Amino acid sequence: MITIYHNTKCSTSRYVLEAIKAAGHEPVIIEYLKNPLSVEDLRTLAADIGCAPSQLLRKKDPLYKELGLINKSDGDIIETIAQNPKLLERPIVKTASKTIIARPKEQIHDLI
């Protein structure tokens, strides 16, 4: 089973979703902007990816600078993403064996 944490407005996310489908998979699609992830969900994703919570942040989003997230603690970052889901880097793809942030988008081909 493949799960994609998807933003329909993001061209990279759309590309990754189509690549998954083109490979013959029907992924579980989690539109995290419509159904924001909890603090615990975000902690689990970071652990599954093997990254620091700061790596889950979209640092190019103006809200990143506006909220002053550069030197925040991991806990503060996770809570901020939970409250502002558009700050979540995307797309995130989870399989039975691995979870990645699919950027650059072409790395999805190594996963599927």
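On a predicted model such as this, the values are computed, not experimentally measured, just so you know.
V28 is not connected to I100 by any chain of hydrophobic side-chain contacts under 4.5 Å among Ile, Leu, Val, Met, Phe, Trp and Tyr, and they are in different clusters. Under a hydrophobic clustering in which Ile, Leu, Val, Met, Phe, Trp and Tyr are joined whenever their side-chain heavy atoms come within less than 4.5 Å, directly or via other members, M1 and I20 fall into different clusters. Linking Ile, Leu, Val, Met, Phe, Trp and Tyr whenever their side-chain heavy atoms come within less than 4.5 Å leaves L42 and I4 in two separate clusters.
The structure places CD1 of I81 at 11.0 Å from CG of L67, a figure rounded to the nearest 0.5 Å. Here the CD1 atom belonging to I78 is positioned 8.0 Å from the CG atom belonging to L57, to the nearest 0.5 angstrom. The line from CG of L33 to CG of L88 is 8.5 Å long, rounded to the nearest 0.5 Å. If you take CD1 on I2 and CD1 on I29, they are separated by 11.5 Å, rounding to the nearest 0.5 Å.
Residues passing the side-chain contact (heavy atoms from CB on, under 4.5 Å) test with P62, sequence neighbours excluded: none. Residues meeting the salt bridge (Lys or Arg N to Asp or Glu O under 4.0 Å) test with D48, sequence neighbours left out: K94. Taking E18 as the reference, K21 meet the side-chain contact (heavy atoms from CB on, under 4.5 Å) condition, with sequence neighbours excluded. Residues satisfying the side-chain contact (heavy atoms from CB on, under 4.5 Å) criterion with A47, sequence neighbours excluded, are absent altogether. Judged as a side-chain contact (heavy atoms from CB on, under 4.5 Å), and not counting sequence neighbours, the contacts of E40 are S38, R43, T44.
Residues Y32 and I92 fail the side-chain proximity criterion, which asks for heavy atoms closer than 4.5 Å. Side-chain contact check for S13 versus H6: some heavy-atom pair is nearer than 4.5 Å. Residues I30 and T3 have side chains in contact (heavy-atom distance under 4.5 Å, counting atoms from C-beta outward). Using a 4.5 Å cut-off on side-chain heavy atoms (C-beta onward), V93 and I112 make no contact. Within the 4.5 Å cutoff, side-chain heavy atoms of P27 are placed close to those of L17. Looking only at side-chain heavy atoms (C-beta outward), L56 and C51 come within less than 4.5 Å of each other.
Sequence neighbours left out, the pairs with a member in residues 52-67 that pass side chain to side chain donor-acceptor pair (under 3.5 Å) are R58-E89. Sorted by first and then second residue, the salt bridge (Lys or Arg N to Asp or Glu O under 4.0 Å) pairs involving residues 69-81 (not counting sequence neighbours) form an empty list. Under the salt bridge (Lys or Arg N to Asp or Glu O under 4.0 Å) criterion, no residue pair touches residues 1-15, with sequence neighbours excluded.
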Taking distance alone, no hydrogens or angles, what donor-acceptor pairs closer than 3.5 Å link side-chain atoms of residues 104-111 to residues at least two apart or in another chain?
{"residue": "Q107", "atom": "NE2", "partner": "I101", "partner atom": "O", "Å": "2.9"}
{"residue": "Q107", "atom": "NE2", "partner": "R103", "partner atom": "O", "Å": "2.6"}
{"residue": "H109", "atom": "NE2", "partner": "Y15", "partner atom": "OH", "Å": "3.0"}

